[in-house]
Amino acid sequence: MDFCKFDDSVRTSLERLENEQRAYASKITHCRAFLKLAKERNNPELIGIAYFYMADASYNVHDKKNINKFSDYLAYAIPYLKKVGNTEYLIRSYNLFGVAASIRGEFHASLDYFMTAVAIPGAEENFPGRIAPILYNIGVNHLYFNEFKSALKYIKYAQKVARRTPGGMRPNILIMSLTYMGLIYLEINDIENAQKCRDRLVDIFEKNEGYLKIYAGTGYYNFRILLSHKEGNIRERNLQIDEFERYVKSNNKSLMSTGALVDSCKYLMQIEVFEPIKDIISIIAPVIKKTDVAYLKVIYADMLVSYYKKIGNIGLYNKALEDYYKYTKERDEVSFKTNSIYLDIRKKMNALELENIRLAHDAMTDALTELPNRAALNDFMDKTFESSYKKKVNFGILFIDVDYFKEYNDTYGHQGGDRILVAIADVIKKTGEEYGAFPARYGGDEFVLIFSDFSDADINKVAEVVKQRVIKLKVPNKAVKSGFVTVSQGYYNEVPIAGKGNMIWDYMHNADDALYKVKTHIKGEILNSNAKIKQ
């Protein structure tokens with residue numbers, strides 16, 4: 001994100017949060033300080049960003065206590081980010097939700113969040129660097145359902161988007177994408193395309209070895225080992241196994257790489273190579289012991305069951321079976337709780353979004369009549385006037401005023417006046433919806449209908465409908481000759497032309513002038529500002 005639009009203090013805090021690599025306690029302290037600053041400034045964008053970073057800090061801890069905090073923080077972040085239209089941090093928030101669900105084996109929920117991220121309007125066009133890895137994640141998730149065709153489609157799409165990505169992200173996505181494409185081709189026995197992936201990977205590896213060694217090495221070596229075996233090139237296979245063993249021993253393993261290492265063990269068992277598995281297990285075991293991620297425990301125990309059965313270690317095989325049963329029960333319990341958490345997240349997000357919608361509605365709606373207010377009217381008029389000018393079609397304003405409203409209030413009281421305003425507003429709203437005109441309360445006892453691409457005759461017809469429907473209300477008013485409430489209406493309608501001086505203000509003045517003439521001479525009637533009153 002470009003932080004330049006913020007002042008120095010905010011920019012410094014954001015840059016520190018974005019690049020913070022220290023322990024959770026330190027990062028969450030900075031996050032809370034930034035959230036306090038954002039709330040003091042009453043800035044919804046900064047509040048949303050603060051909650052995102054708090055979620056990010058909590059997610060990286062990966063324990064039961066923090067997963068709940070993580071979920072809450074993101075549930076708070078997303079409505080704020082939606083409100084201000086911060087697409088980049090919305091993408092990052094949904095992606096974080098998706099990654100967290102995926103690492104816990106909740107692949108349906110994960111796909112839902114990833115798909116939500118890529119569906120955000122303007123996401124791919126404006127933030128290809130954020131969308132490319134999400135498309136890759138969608139493809140990888142499809143592998144868990146054995147949907148190889150869909151997996152290839154999304155991973156190839158990720159490559160395509162990554163090519164538009166500047167900086168270091170492009171080779172990263174290409175490395176991971178080619179690795180998984182190669183593994184998929186091997187799964188469907190398409191050796192030729194797998195070899196093409198390998199050839200491209202070797203070239204990229206030579207240019208980006210540092211990244212590959214740190215993040216993508218496990219998948220890369222899995223692919224190289226399996227392909228060499230399928231080709232019957234045992235010498236190359238063993239060379240890759242040796243390199244893989246050195247890689248595993250020289251790199252610290254994180255929770256994110258544990259699943260890939262479990263896959264490594266499975267692949268090695270497929271090709272009947274057992275010796276390296278013992279060392280890999282010694283690396284995975286401490287990570288599994290510390291983690292609260294039940295899904296990883298299950299796939300690890302499942303791998304151990306297969307491994308000990310193949311090497312004939314019955315004692316450890318039985319122990320692995322017990323662990324598998326225990327972890328499966330734990331996973332099912334966690335899965336139930338996780339689903340409850342995600343449902344709760346959805347409820348919180350929906351509640352916050354509904355609250356934001358309500359606040360936005362209140363800000364643009366007249367409290368008494370529920371019609372759009374002056375702020376909404378001004379916004380709509382600006383857009384419609386500009387559109388009418390570009391399309392070279394008529395733009396029209398119709399003012400509607402309640403006749404003898406002061407006298408009505410004096411006779412029936414202000415509560416009676418409010419009731420008649422609500423009744424007339426309902427007529428105007430329904431008529432506007434029926435004929436395609438925008439209704440609003442202008443103020444007091446005055447209302448407006450806005451038209452685009454209507455002829456004078458069309459507007460006159462709508463005004464006549466309003467007139468007759470108000471009369472049909474038969475609301476008593478002793479000040480009117482007919483004995484019932486009526487409305488006076490004046491309108492102006494013309495094609496906006498540059499240089500003619502007919503800005504919105506001119507339209508409103510002309511329509512208001514027509515209304516004034518009606519009120520002065522022929523109450524209860526309708527007048528086009530270009531017409532003359534017959535006296």
Side-chain angles (χ1 to χ4, degrees), residues 136 139-140 142-144 146-149 151-152 155-156 158-159 162 171-253 256-284 299-300 302-304 306-311:
Y136 163 82
V140 172
H142 276 87
L143 291 179
Y144 293 102
N146 291 323
E147 295 178 355
F148 301 119
K149 186 175 180 180
L152 278 172
I155 292 173
K156 287 180 179 179
Q159 286 186 324
N172 302 349
I173 296 300
L174 291 177
I175 288 168
M176 293 186 293
S177 297
L178 286 168
T179 296
Y180 269 89
M181 285 172 62
L183 288 169
I184 293 169
Y185 285 130
L186 289 179
E187 192 71 35
I188 60 178
N189 293 313
D190 187 342
I191 304 299
E192 183 179 351
N193 274 316
Q195 290 169 332
K196 290 178 181 178
C197 290
R198 189 250 332 264
D199 294 342
R200 290 181 64 194
L201 260 175
V202 171
D203 181 59
I204 298 172
F205 170 80
E206 292 175 355
K207 297 175 182 176
N208 301 275
E209 184 174 354
Y211 171 83
L212 184 63
K213 287 290 186 183
I214 296 171
Y215 296 104
T218 303
Y220 171 80
Y221 285 115
N222 288 344
F223 169 52
R224 292 293 306 275
I225 291 166
L226 281 179
L227 177 56
S228 298
H229 183 81
K230 289 241 179 185
E231 289 174 325
N233 190 341
I234 303 305
R235 181 176 177 278
E236 175 64 21
R237 183 200 74 182
N238 291 339
L239 178 64
Q240 293 299 322
I241 290 174
D242 290 341
E243 288 189 17
F244 175 55
E245 287 188 90
R246 287 193 293 271
Y247 161 78
V248 170
K249 292 175 182 178
S250 63
N251 286 273
N252 292 326
K253 294 297 109 190
M256 290 295 291
S257 62
T258 301
L261 286 173
V262 170
D263 288 340
S264 298
C265 295
K266 292 180 178 179
Y267 292 140
L268 289 169
M269 280 186 272
Q270 282 181 24
I271 62 176
E272 302 289 325
V273 175
F274 300 104
E275 188 59 31
I277 297 176
K278 185 177 180 181
D279 289 334
I280 298 173
I281 289 172
S282 69
I283 292 170
I284 300 175
I299 63 171
Y300 172 66
D302 180 53
M303 179 272 293
L304 290 180
S306 299
Y307 171 63
Y308 291 129
K309 182 177 182 181
K310 281 185 175 289
I311 66 173

Inter-residue atom distance [X].[atom1] - [Y].[atom2], 0.5 Å rounding:
X	Y	atom1	atom2	answer
Leu152	Glu187	CG	CD	11.0 Å
Ile280	Thr258	CD1	OG1	12.0 Å
Arg200	Ile175	CZ	CD1	11.5 Å
Glu192	Tyr185	CD	OH	10.5 Å
Tyr267	Ile241	OH	CD1	14.5 Å
Lys310	Phe274	NZ	CZ	5.5 Å

Residue pair [X] / [Y]: nearest heavy atoms and the distance that separates them:
X	Y	answer
Ser264	Asn222	OG-OD1, 2.6 Å
Tyr180	Leu143	CD2-CD1, 3.5 Å
Ala151	Gly139	CB-O, 3.2 Å
Gly182	Cys197	N-SG, 3.9 Å
Pro276	Leu268	CB-CD1, 4.1 Å
Ala194	Leu186	CB-CD2, 3.9 Å

Pair Val273-Arg237, side chain to side chain contact (heavy atoms under 4.5 Å, CB included): steps then yes or no: CA-CA 10 Å; Val273 175; Arg237 183 200 74 182; 3.8 Å; yes
Got [X] and [Y] here, is their nearest side-chain heavy-atom distance under 4.5 Å?
X	Y	result
Glu275	Glu245	no
Leu239	Glu243	yes
Leu261	Met303	no
Val202	Arg224	yes
Leu226	Gln270	yes

Inspect the surroundings of NZ in Lys230 and state if more than 12 heavy atoms from other residues, nucleotides or ligands are less than 6.0 Å away.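 Above 12, so yes.
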Flag yes if more than 12 heavy atoms outside Glu272 fall under 6.0 Å of its CD atom; otherwise flag no.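 Counting other residues, nucleotides and ligands, CD of Glu272 exceeds 12 neighbours.
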Start with the C-alpha gap between Lys278 and Tyr307, add the side-chain angles, then the distance that decides, and say whether side chain to side chain contact (heavy atoms under 4.5 Å, CB included) holds. CA-CA 10 Å; Lys278 185 177 180 181; Tyr307 171 63; 4.1 Å; yes
So, Glu231 and Arg198, do they make that salt bridge, N to O below 4.0 Å?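 Salt bridge present between Glu231 and Arg198.
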Would Tyr220 and Leu201 count as a side chain to side chain contact (heavy atoms under 4.5 Å, CB included) if you check the C-alpha gap in whole Å, the side-chain angles of each, and the deciding distance to 0.1 Å? CA-CA 8 Å; Tyr220 171 80; Leu201 260 175; 4.1 Å; yes
Give the C-alpha distance, both sets of side-chain angles, the deciding distance and a yes or no for side chain to side chain contact (heavy atoms under 4.5 Å, CB included) between Ile184 and Phe223. CA-CA 10 Å; Ile184 293 169; Phe223 169 52; over 6 Å; no
Between Ser282 (side chain) and Asp279 (backbone), is there a donor-acceptor pair under 3.5 Å?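 Yes, because the side chain of Ser282 sits within donor-acceptor range (under 3.5 Å) of the backbone of Asp279.
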What is the ring orientation for Tyr221 with Phe244, classed by angle as parallel under 30°, tilted 30 to 60°, or perpendicular over 60°?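 Tilted: the ring planes of Tyr221 and Phe244 meet at 30° to 60°.
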